[in-house]
Amino acid sequence: QFELVYEEAQRNDALRKEVEGFWRPIALGSPDAKALREHYLRHLEIQQEANDREAKTTKEFDVQAYVSQQLDRFEAGDFDAWWRINRALAYQPDAAQDIIQSDLRALPGWSLVDDVTKARIIATAPSYLESGDPRTSDWFGTGDLPYEPLSGYRALRLVKIEAPDVFERLSPEVWARWTPAIFTWPTFGEDEQNAQREIGKIAYARAAECVVNTAIRLIEANEQNRLAQIAFVFDLLRGAAGEMLWSALLKSLDSAKLEPDQEGYLLSMLLEAAVAPARDYALQLVTIPPPTEGQRRQRSLVAARELLIHGDRAVWGHVWQAISADSEFGKEAILAMCGNSMVGQPAALEELSEDELADFSIWREAHFP
């Protein structure tokens, strides 16, 4: 209970002053413990009072009046009014705000404003894209996503749907400004994913350098969730990415910032996309004989696995030399290849000659009888 109170105290100056004196080991039944319990109970009372006030305010909240007021403020030069409009449109009586819906027209508050206000919102969106500040340096790579970038991404979607001519004229600077928001929008559901992919591809066409830099920063910043970020980048840009992205990803591979499993996943994506330099990179990792220990050996094994899965007959010949030179390496590489449940028979095996297939079969029988 104390930890919960202390966490809340970091957000409440008055409560923090009361609690800070107790941030030390406290004996059960001691005067300090009793005092802390009293503070905790008072905290619950204060929280309940706040909840009651919020519930009353929510029921009385006039979305139409508030949004109109914020539109006036926006037109007077207060560009932050746009994200406050977003927040108001996401309001739901007696429910949490729907922040993951990127189509403003689908937010519950949209039906509570009149047609004139809706037209003003649509007309205001391009101005926010041109002049709004996503404050990217404050949140990108931290796991947080405040309302500024959320509302910028919504503005992109709204303009694309309701003002396509204006959308086509958005400058590369606008696309560069909002690319981090596109890459970090919390997408759930097929419709949201398709919309994000479409906007991501347009961003790559309009501001490729910024998109590439954002993708690399996103992958490298999320150490604990890097595999998911790699998959997300490939999914978002599937069918649109080109040489600039491939080169940047290969550079990321060579920077030694990735763990072997992360490197293998990125290699898998690149090889599946038939990026020729990725094949050359992987072949360099599979030395003959293979490395004997440490991370160099793990990276070589990962590269061998991906080459076996995605490579052709020429690749097979190179990996086969490594397997023949180090039987333990070969066993680990073959088991790793077979451990991928998404792979049936590697295509390279279909291209082997009878003699090559016989050599592999004899080796396999010797090591996996």
Listed partners of W139 passing side-chain hydrogen bond (donor to acceptor under 3.5 Å, both in side chains), at least two apart | none
How would you list, by chain and number, every residue that makes a side chain to side chain contact (heavy atoms under 4.5 Å, CB included) with A163, sequence neighbours excluded?
-> V159, V166
Taking side-chain hydrogen bond (donor to acceptor under 3.5 Å, both in side chains) as the test, write out the residues that go with R73, two or more places apart.
-> D78
Is it true that a side-chain atom of S268 and a backbone atom of G264 form a donor plus acceptor pair closer than 3.5 Å?
-> no
If you draw a 6.0 Å radius around CZ in R296, do more than 12 non-hydrogen atoms from other residues or ligands fall strictly inside?
-> no
Say you draw a straight line from CG of D359 to CD1 of I323; how long is it, rounded to the nearest 0.5 Å?
-> 12.0 Å
Residues at least two apart in sequence or cross-chain that pass side-chain hydrogen bond (donor to acceptor under 3.5 Å, both in side chains) with Q321, listed by chain then number, are none
Residue pair P277 / V275, side-chain heavy-atom distance below 4.5 Å = yes
Would you please name every residue forming a salt bridge (charged side-chain N to carboxylate O under 4.0 Å, His left out) with R313, sequence neighbours left out?
-> E356
Go through the steps to decide whether W83 and L150 satisfy the test side-chain contact (heavy atoms from CB on, under 4.5 Å), and finish with yes or no.
-> CA-CA 8 Å; W83 63 259; L150 281 172; over 6 Å; no
Decide if atom CD of E209 counts as having more than 12 heavy atoms of other residues, nucleotides or ligands within a radius under 6.0 Å.
-> no
Chi angles and distances behind the side-chain contact (heavy atoms from CB on, under 4.5 Å) call for F140, L218 | CA-CA 8 Å; F140 188 74; L218 192 66; 4.0 Å; yes
Ion pair check, D326 and R297, cut-off under 4.0 Å | yes
Could you label the plane-to-plane angle of the W178 and Y128 rings as parallel, tilted or perpendicular, counting under 30° as parallel and over 60° as perpendicular?
-> tilted
Just jot down the side chain to side chain contact (heavy atoms under 4.5 Å, CB included) partners of Q196, sequence neighbours excluded, or say none.
-> Y153, W185, T187, F232, L236
